[in-house]
Every structure is written in structure tokens, then in C-alpha cells.
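The next block holds one structure in the form of C-alpha cells; read it before the comments.
A, B, ... follow the sequence lines: proteins, then strands. Residue 1 opens every chain.
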2 protein chains.
Amino acid sequence: LPSTKSLVDGVLHGDRRAIAKAITVIENDLMEAQRLISMLYAHTGKAHIIGVTGPGGAGKSTLIGKIANELRRRGKTLGVVAVDPTSPFSGGAFLGDRIRMQDLSTDEGVFIRSMAIRNNPGGLARATKDAIRILDASGKDVILIETVGAGQSEVDVAKIAQTIVVVLAPDFGDEIQAIKAGLMEIGDIFVINKADRQNANRAVTAIEAMLELSSKGPSWKPFVIKTMALRGEGVLQLLNKIKEHREYLTEDKSHSRQRRIIEAELTEAIKRKTVDKFLESMRKSGRLDSIVTKILAREINPFTAAERIVSEQLKRLESEGN
Amino acid sequence: LPSTKSLVDGVLHGDRRAIAKAITVIENDLMEAQRLISMLYAHTGKAHIIGVTGPGGAGKSTLIGKIANELRRRGKTLGVVAVDPTSPFSGGAFLGDRIRMQDLSTDEGVFIRSMAIRNNPGGLARATKDAIRILDASGKDVILIETVGAGQSEVDVAKIAQTIVVVLAPDFGDEIQAIKAGLMEIGDIFVINKADRQNANRAVTAIEAMLELSSKGPSWKPFVIKTMALRGEGVLQLLNKIKEHREYLTEDKSHSRQRRIIEAELTEAIKRKTVDKFLESMRKSGRLDSIVTKILAREINPFTAAERIVSEQLKRLESEGN
């Protein structure tokens, strides 16, 4: 399609309107999203993708603001993708927070976008991944993703990142939430923000002890840092650690992190393609409806039904010469 | 397996220990989960499954506590499944909240369970769905699911319910979060809790106006109720509305809600089966690894790769006679 072609050209030239348009496209149209990302994919893989996750109120947005300001000072271009609906980047926060982000939102070298579930038929993780690909292809040096670390889809989103920063306030509730949400397993760098509060040192010790227990072998050793994001304290140290992690990833000749991300992406795409083919064929033949009726009557259970359908459909698709 | 058999018997007799054990099994072992649920499935479909969702701090747990107390007074047996890691039912809340739940947790007619991401390899929505099936098969009259309405997986969990109650505080932030999380589309009943607060009437009007805009046709018309859960006010009215919705579902001869839930479940099971077969075969042949290497080098994009793999694997599986 000529319009997709010109959109791709615009994105590759870093044109803001084209980037915004492209993200809207991938948010609303699953088929067009695949076409667009297929065309852009060869131009991705250059940006450093940093996930920032943690409970609400830990100070993720403020920290991202400070990181962004410092990276801009160093001449880097940035993309910021907010998946948290309550983030000031999404417009869903207090006025004071939004004002603090204003210098970023008027900066030509920064592209800010928030993602919401309702716009994304194929899933929030899928749309966020595609938005990151677009920003990557557009030439942004660093892409920051903000997710509230509360649910599984948020953890899925965080896993897209090459470097995952988990931000917690020195609060026992935050630690519990991080553990329950599975954040301890995915973090490369842990930040105890609001470090002027009581219990900050206790929190650092507790996190370090937990990381010790779940040690993932000799490769990268997760690190705990204290920050006071509002005053900018600890931000330079955090950036050094992020850079260190980036270097670690580059030096890892087995590309294990990248391979894991790609494998997850590939599996997801396979899943989608297969199910699309299956369901299309099943809907056409009326098979889906009749099975649902049987399950409704408890004549069969969904697992046995799925088992039979999969074998059946594999044969049908094959005999149709697909 | 004899142990699965005796577990199934225990669940069907409503034995607390068997129920607890069964949920632990479905949380930790995907294969065993399928076996267990297949055996229990014919005994499900009797409970009324009510989802209670909304932003953190809206008062979901308190409201569930009051609903549960009233239903117990009416002689109903209950299951409560908390998916929110900060819920008092999950033990992740303030002491005061936990104490309020204590009379429920010592009641033999109530089974309370919290679910966390980290324990659930196959996904939180899948595990929650299976836990509900177990409670349903065990003979519980009503099952309440508490989810924080923040991310996609939470919305997925809520969709398992037959009746979905969206709880909001009269706070503009809550409304924004509900809209962004897609809760307006899935709610059957909307509760403005903490109705003694300023803006409660404004919130009711705003929600009603939004529901007017997104009217889903002549079937069930979502309803907005004010409650003060802490004092128990509005709880009876809410229970009446919940009962009304239950009757609406029963009278709907096309079983559209039930069919939608089953179709989603079936699709999910098909997805899992298919991908399992594909990936197993691809891993064995070394095909997955070589494709990942090509994607890493940007020689091919994941979508085109997935397309080719799906056609290829369909042929391979077929020729193996599966």
C-alpha cells in the first residue's frame, strides 16, 4: 500500500507526525500493524530499551523524568512509552506531576506516548512492543517504558525491555507487591526511591537478601540503588548501572537476553497466526458454535474439545492445501 | 491417577483440604491442572460467579466482606478468590482490613484463596479460571472474584465472571483509570462507593452519561448504585441488582454471556494445545533456534517467520500422522 510506504518513510526519517500516526495505526488495526512492523523491522535493534516498573506511587514517573533530562543533556534522543494509566505521561495524574513533565513534552528530541488497553484489540503487550519497534526504527537512542508492576500483562510488557529497572518505595507494602507480581525475578537493577524515608536501608538489605536467594548464576548480578528522584539524587549512579548493563548485554556473545525476547515474540506471532487460521476455518464450518453448545451442556469439557479440534483442524487445513 | 481421583472426590464432597490442595495443584502444574479440571468440569456450571473489579482503594474488599456476610446470613456458601496482591484477602493489606475479614476466614461456609502471578506458569487468568471451576464443582453457591482493574490480565480475569461489578470511589482519578482500563465496557453493575464523599452524585451522573454513550443494545442495561461499604449502606440494593442480573442471565435463552465465556476458554485451550505441539516439534528439530538467529540478524522479521513456520509445521505434523 502506498500510504503504508509513505508512513514507513516518515518513521525512518524520524518525522514526529509519522511516528504518532504509525503508533495509532498499530493500536487500531492488527493486520496493518503487522504490515507496518514487517517493513520497519530490519531498521530496529539499535535503541536501548529500558523498562521501568514497580508499584504505583513509588516514583517511577519522576525518576523517568530525571533520567530523560540527563540523557537529553548528553545529546541522546528519547522515546517514552507509558503503559500505566495513572502515569503523568498518560495525563492521568495530579497537575503538579504533569507540570514537571512539561519541559520534556515540548522537547523535539523526546517522543512521549501513552498506551491504554481499550485501544488495543490484539493486546496491550503486543501494541506496546510494536510502538517500541516504531520508536526504535525512527532512530531514538533510548526508549523508556513505564509500567505499573501489578499484573501479568505489565510483567509481560516489562519483559520486552533489554534492561529492567524495578522501582520501589521503602515501604513493606511495595516489597510484598513486588514479590507477588514476580518483579524480583525480572529486575536487572532495583531502585529504592524516596531514600530519605525511614526504612530505606532496611529495604535495601531486604531486597539484597532476596536477590541473594534467587541468584540466577554467574552472569549479571542484580544491583540495588537508593535514589531521591524528586531531588535528582542517585540518578547519575542509576544511569551508570544502566550503561553497565547495556555493555554487559553487548558483550554477551550468546545474545541470551535478545534471543529470549525474540523467542517470546516469535512464539506469540506463531500463536496468533495459528489461532487465526484455526478459528477462521472453525467459524466458517459452524464447528465452533456446535462445540460451544456441547460445552454449555457439559457434554464435553473445553480441554478435551480443544484437543480434538486441534487434531481435526490440522488435518482439515492440510487437505485444503494450506 | 488414583491421587487425582481421590482429590476429585474430595472436591466434589466440598472437603476444605481437598479444595485447597486442588487449587495448589492447578497453580503449580499445568498438565495436572488440565487433568483435574477435565474430571471436574461436568460438575460445574451451578455457582453464580461474580467479579468485583476497580482501582485500588475504591473499597472492593470491604464491599466483598459485606456482600459475603449478607449472603452467609441467607445460608449461601461462598468462595472468594482474590487476584489483587494488595487485597486483605491476600494478606497484603493493612492490619485493620485483615481483622475485618477475620470473621469470614474462620467461617466453614466460606473458602478464601488469593492468587499471585509468580505461582502460575500458565497465566494468572488461566489459574484463576481453574480455581473458580474447583470451587464451583465443590458446591459453593456463589463465587466472588476480586481483581484490581488496572491491567489487561485483570480485565481478562473479570471477564470470567457471569456478573461483573465495577467499584469506583467518587474520584476523578478512579474514573479515568476505569475508562483507560476498559472497565466501562465490561461492567454489568457500577458501584460508586464512599458515597458520603463530595462528588459522589457527580460521579454517578458521569458514569451514567458514559454508559448512555456506549449502550450495548436492548438486553441488559448497566446500572449505577451508591454504597458506603464500611457502614454496609447500599449493600442490599447491590445484592438485589446482582440477583436481577443473575435472573436476566437465566432467562436469556440464547445463553449469550455463557457462550462468550466458553468460547474464550475454548479458544485459549486451542491456542495452548496448538502452540505446545508446534513448539515441541520446532525445538526438537532445531528449527526454532535457527529462526531466532535469523531474526536477531534482522534477516527476517518475526511475522513473516511465524507465517512460514505455521504453514511448514502444519505440513510436518500432518505427515507425522498426528
Among B/A42, B/A269, B/P302, residue most engaged with chain A (heavy-atom pairs, under 4.5 Å): B/P302
Between B/I291, B/I261, B/D289, the one whose heavy-atom pairs under 4.5 Å with chain A are most numerous: B/D289
Measure the spacing between [atom1] of [X] and [atom2] of [Y] and express it to the nearest 0.5 Å.
X: B/F303; Y: A/I270; atom1: CZ; atom2: CD1; value: 12.0 Å
X: B/T304; Y: A/Q34; atom1: OG1; atom2: CD; value: 9.0 Å
X: B/T44; Y: A/N301; atom1: OG1; atom2: CG; value: 9.0 Å
X: A/I295; Y: B/I262; atom1: CD1; atom2: CD1; value: 6.0 Å

A/R259 vs B/T293 side-chain heavy atoms within contact, under 4.5 Å: yes
Choice from A/E307, A/H255, A/Q258, A/E299 maximising heavy atom contacts with chain B below 4.5 Å: A/E307
Distance-minimising heavy-atom pair for A/L266 and B/A306: CD1-N, 4.1 Å
Contact origin within B/I300 toward chain A - heavy atom pairs under 4.5 Å: backbone
